[in-house]
Number of protein chains: 2
Amino acid sequence: MAVEPPRTSVGARRNPDTEQAVMDAAAEIIAEEGYQKLTMEAVARRARAGKATLYRWWPSRGHLLLALYSRAKSTLGDIDTGDLTSDVTAFIAQMLRQMQGSDGQEPLAPMLRLLIAEAQSDATIREALHRERRERWLLLDNIIRRAEERGQLNPAVTARRAEQRIISMIWYFLLNDTLPGPEAAAELAESIMAEMRA
Amino acid sequence: MAVEPPRTSVGARRNPDTEQAVMDAAAEIIAEEGYQKLTMEAVARRARAGKATLYRWWPSRGHLLLALYSRAKSTLGDIDTGDLTSDVTAFIAQMLRQMQGSDGQEPLAPMLRLLIAEAQSDATIREALHRERRERWLLLDNIIRRAEERGQLNPAVTARRAEQRIISMIWYFLLNDTLPGPEAAAELAESIMAEMRA
DNA sequence: CCTATTGCGATACGATACGTTCCGTTCTAT
DNA sequence: ATAGAACGGAACGTATCGTATCGCAATAGG
C-alpha cells in the first residue's frame, strides 16, 4: 500500500480538503468503533491532521459531534396537508424515521443523544445545539403557524408551548431508548392534539 | 490541621466509614470545584480511600453520581387533595423545588442532568437510573391511580402516558436549562391536564 | 484458638487522551 | 518581496484511567 503524501497548507486560508478528511474520519470512527472511541487523538490520526489544526477549528469533541449532526440535514420538503393533526402526524413520523435511520440516511438518534449529553456540561454546545434545533424545527413552526391562521389551534395554547410538547415527548423517548417506530406517529399526534385543537 | 490516622479495614466486610467518607468527598468536590472535577482519582484522594476500594463498590463515575442522587431522597409525604389537577400542581411544584434546591436541600437539577448524560453512553447507568426514577415517581403513580378510581381521568389516556407527559415536560426544561420556578406549576399542570381530564 | 478470606490504604504501573508548543513548509494577501 | 496564516508532524508535560501488588486488620468458619 502506497504511502500517500500528506496534505499541506493551501496558503493563508482554511483547507477544505482537511475539513472534509476530518469529518469523514469522525464519521468512520463512529461507524466502525462506536462513539466511545471518538477522541480528538483518534480523529487526528485517522484524518492525518495535526492536532493543532483540529483544535483550531473544532475546540472539543462536542464541536466535532455538532459539526457531524449539522452535516446531516434533512432533505425533505414542506408538510402541508391542510389539517393540523395530519401535518403533525407527518412531522412526527418523519422525525422518528430520521432518528432511526429508516429514511436511508445515517440514524440521528445516537448522535443526538450524545450531543444532548455533551451539552449538559458545556454551555457552548448547549447554545449551538439550541440554534441548530431552531433551524430544524422551522418545518414544525410553519405547520403550527398555518394552523393558527386557519383557526385550528386552541388560542389558549401558544405556538411555543405546542412545539415544546411535541419535541419533549420525542426527547423523552430518545433519552430512554424507547423510540417507537414511525407507525406510532398517528397515535402520538392524536393524543397530543387533544389539548391543542380549537 | 491534625493528620488523622488512616482508616483501616474493619474485617472481612464493608467499612461503613469508608462508604460515608467517599460519599462526602464526592459531594464536597461537586460543591467546591464543580462536576468536571469529579474524577475517581480526586474522590479517592479526598476520601483517603484506595482506588481499588473505590472501584470495587462504585465501578465508574456514573455509579458515584447515582449513589449521590440516590442518597438525596425526598422526605416529603403523600399528596392527596381529592382533585387531579390540584394534586398534579402540587407534584410539579414539589419536583421543581427539589430540582432547584428551593426546598432547602441540595439542588438535584445539576446532578440529574449529568446522570441523564452519563446514561447515554452507559447502559448500566441507564437501567439503574430507570429503577431509581420509578421509585421516585410512586407519588405520581398514586395521584393518577386515585384519579382513575374517582373517574377523573380520561379513559383514553393510560396512566403510563399521563405520567410520561408530565415527566417529559420537566426533563425538557431540565435539559435546556429553562426550569421555571415553582410558581409556574399551576399553569403547567393546567395545560397538561386539558387532555387528561374525563 | 487458628487459619483462610476479605476489606482496607497506599503506591506504582502502563496506557491513553488532553491541550500546547514548536518546527519546516506552502501558499495568500498586501 | 515580505509578513502572516494554515498545514502535517512530532514532542511535551499533565491528568486520569483501571489494574496489580503490598502489608495490615479483623471477621468467619472450623
Side-chain angles (χ1 to χ4, degrees), chain A residues 2-26 28-30 32-65 67 114 117-118 121-122 124-125, chain B residues 2-26 29-30 32-67 114 117-118 121-122 124-125:
Chain A
V3 174
E4 299 178 13
R7 290 182 308 279
T8 67
S9 168
V10 290
R13 69 185 168 185
R14 189 168 184 178
N15 186 341
D17 290 349
T18 293
E19 180 172 5
Q20 188 62 44
V22 167
M23 288 287 96
D24 291 348
E28 287 166 17
I29 289 174
I30 286 171
E32 296 172 16
E33 312 180 55
Y35 285 86
Q36 306 275 9
K37 297 294 187 64
L38 185 73
T39 66
M40 300 297 266
E41 295 266 353
V43 172
R45 268 197 306 274
R46 181 145 195 164
R48 294 194 66 176
K51 283 173 63 178
T53 306
L54 204 57
Y55 278 102
R56 186 186 323 273
W57 303 115
W58 300 273
S60 75
R61 170 197 148 102
H63 290 83
L64 265 177
L65 271 174
L114 284 205
E118 208 85 34
S121 53
D122 183 339
T124 306
I125 300 295
Chain B
V3 174
E4 299 179 13
R7 289 182 309 280
T8 66
S9 168
V10 292
R13 66 181 173 189
R14 190 169 182 177
N15 187 343
D17 290 350
T18 293
E19 180 171 5
Q20 188 64 44
V22 167
M23 288 287 95
D24 291 348
I29 289 174
I30 287 171
E32 296 173 17
E33 311 179 56
Y35 285 85
Q36 305 275 9
K37 296 292 186 69
L38 186 74
T39 65
M40 300 298 265
E41 296 266 351
V43 172
R45 268 198 305 274
R46 180 146 194 164
R48 297 194 59 176
K51 284 173 62 179
T53 306
L54 203 57
Y55 277 102
R56 188 188 322 273
W57 304 114
W58 300 274
S60 75
R61 170 196 149 101
H63 289 83
L64 265 177
L65 273 174
L66 190 60
L114 283 206
E118 207 84 34
S121 55
D122 183 339
T124 307
I125 299 295

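Chain letters run A, B, ... following the sequence lines, proteins first and then strands; every chain starts at 1. These numbers come from a predicted model, not from an experiment.
With rounding to whole Å, B/R13 atom CZ is found 22 Å from C/dA4 atom P. Rounded to a whole Å, the CE atom of A/M40 is 11 Å from the C1' atom of C/dA17. For B/E41 and C/dA12, the CD to P distance is 13 Å, given to the nearest whole Å. Remark: C1' of C/dC18 and NZ of B/K37 are 14 Å apart, rounded to the nearest angstrom. Put simply, CG on B/N15 is 13 Å from C1' on D/dT27, counting in whole angstrom units. Put simply, CZ on B/R14 is 11 Å from C1' on C/dG7, counting in whole angstrom units. Between B/R7 atom CZ and D/dA26 atom P the separation is 14 Å, expressed in whole Å. Rounded to an integer number of Å, the gap from B/W57 CH2 to C/dG9 P is 12 Å.
Along DNA chain C, the nucleotide closest to A/R61 and the one closest to B/A52 are compared, and the more 5′ of them pairs with B/A52.
Of the possible donor and acceptor atoms, one in the side chain of A/R61 sits under 3.5 Å from a partner among the backbone N and O of A/L38. A donor-acceptor pair is defined here as one N or O able to donate and one able to accept, closer than 3.5 Å; such a pair exists between the side chain of A/Q36 and the backbone of B/S121.
Contact annotation: A/T53 does not reach the phosphate of D/dA6 (side-chain N/O to OP1 or OP2, under 4.0 Å). Close to C/dG9, at under 4.0 Å from its OP1 or OP2, lies a side-chain N or O of B/T18.
For A/K51 against C/dG19, a side-chain-to-base donor-acceptor contact under 3.5 Å is present.
B/K37 is not listed as a side-chain neighbour of B/I30, based on a closest heavy-atom distance of 4.5 Å or more.
Considering every non-hydrogen atom in both B/K51 and B/A44, the closest pair reads CG-CB, 3.9 Å.
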